[in-house]
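Notes follow once the structure below has been shown.
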Amino acid sequence: MEDIIIRNIEEKDISSVVDIKISGWKTAYKGIIDDIILNSIDRDKKIEKMKNDYKENGFIVAELNNQVVGFCRYVDSNKFTQDISDIDCELLALYVKPELKYKGIGTKLVQFVINDFKSKNKTKMIL
C-alpha cells in the first residue's frame with residue numbers, strides 16, 4: 001500500500017473518523033444488531049461527542065493520500081478491569097474504512113500503538 005501516515009488526530013479529522021466508525025458498525029454488526037438501530041445512528045451527535053473527548057486518550061489516525069482512512073484509540077493504563085491486575089495498557093478501538101480492510105492500515109496503527117506503549121515501558125496490553 002502507498003505511504004500510510006500515522007499521526008495524532010486533529011479536530012479537522014473528527015467528521016471523517018465518525019464516518020469511518022459508523023460505516024464500520026454498519027458493516028461489522030449487520031445481521032447482529034437490528035438494521036433500524038444501525039440506520040438510526042446520529043452522525044451529528046457522534047461528532048459533537050467526539051469534539052468533547054478526542055483529546056482525552058491516545059487517539060491516532062491513518063492517512064492515505066491526504067484522506068483519513070482509519071483510526072485507533074488507546075490508553076496507557078488499566079481502565080479495562082481490576083480482575084486482571086497486571087494489565088498496564090489497552091487498545092480501545094481500531095477502525096479502518098471497510099473498503100480498505102486487509103491492506104495493512106490496521107497493522108500500521110497497531111504497530112504505532114505497540115511502539116508507543118514500549119516507549120512508556122508498558123508490557124501487558126489488552127484489546
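Residues: numbered from 1 along the sequence shown. Computed from a predicted structure; not experimentally measured.
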Other residues, nucleotides, ligands: >12 heavy atoms within 6.0 Å of [X] [atom1]:
X      : atom1 : answer
Lys30  : NZ    : no
Lys122 : NZ    : yes
Lys118 : NZ    : no
Ile32  : CD1   : yes

In plain terms, say whether Arg7 and Asp13 are close enough for a salt bridge, that is, a side-chain N and a carboxylate O under 4.0 Å apart.
-> yes
Give a yes or no on whether a salt bridge exists between Lys51 and Glu48, defined as a side-chain N under 4.0 angstrom from a carboxylate O.
-> yes
Out of curiosity, does [Y] fall in the hydrophobic cluster containing [X] (side-chain heavy atoms, cut-off under 4.5 Å, transitive links)?
X      : Y      : result
Val69  : Val61  : no
Val96  : Ile114 : yes
Ile5   : Leu100 : no
Ile105 : Tyr102 : no
Val68  : Ile6   : no

Between [X] and [Y], which heavy-atom pair has the shortest distance, and what is it?
X     : Y     : answer
Leu38 : Trp25 : CD2-O, 3.9 Å
Ile14 : Ile47 : CG2-O, 3.9 Å
Ile20 : Gly70 : CD1-N, 3.6 Å
Leu94 : Leu91 : CB-CD2, 4.1 Å
Ile4  : Ala62 : CG2-CB, 4.0 Å
Ile87 : Cys89 : CG2-O, 3.4 Å

Starting at NZ of Lys108, measure out to CG of Leu64 and round the result to the nearest 0.5 Å.
-> 9.5 Å
Which distance, rounded to the nearest 0.5 Å, do you find between the CD1 of Ile33 and the CG of Asn39?
-> 11.5 Å
Under 3.5 Å, is there a donor-acceptor pair between the side chain of [X] and the main chain of [Y]?
X      : Y      : result
Asp88  : Lys124 : yes
Asp116 : Phe112 : no
Asp42  : Asp44  : yes

Phe71 ring center within less than 6.0 Å of Tyr95 ring center = yes
Pair Phe59 and Tyr74, ring centroids less than 6.0 Å apart = no
How far apart are the C-alpha atoms of Lys46 and Asp19, what are their side-chain angles, what is the distance that settles it, and do they pass the salt bridge (charged side-chain N to carboxylate O under 4.0 Å, His left out) test?
-> CA-CA 9 Å; Lys46 296 273 185 205; Asp19 289 342; over 6 Å; no
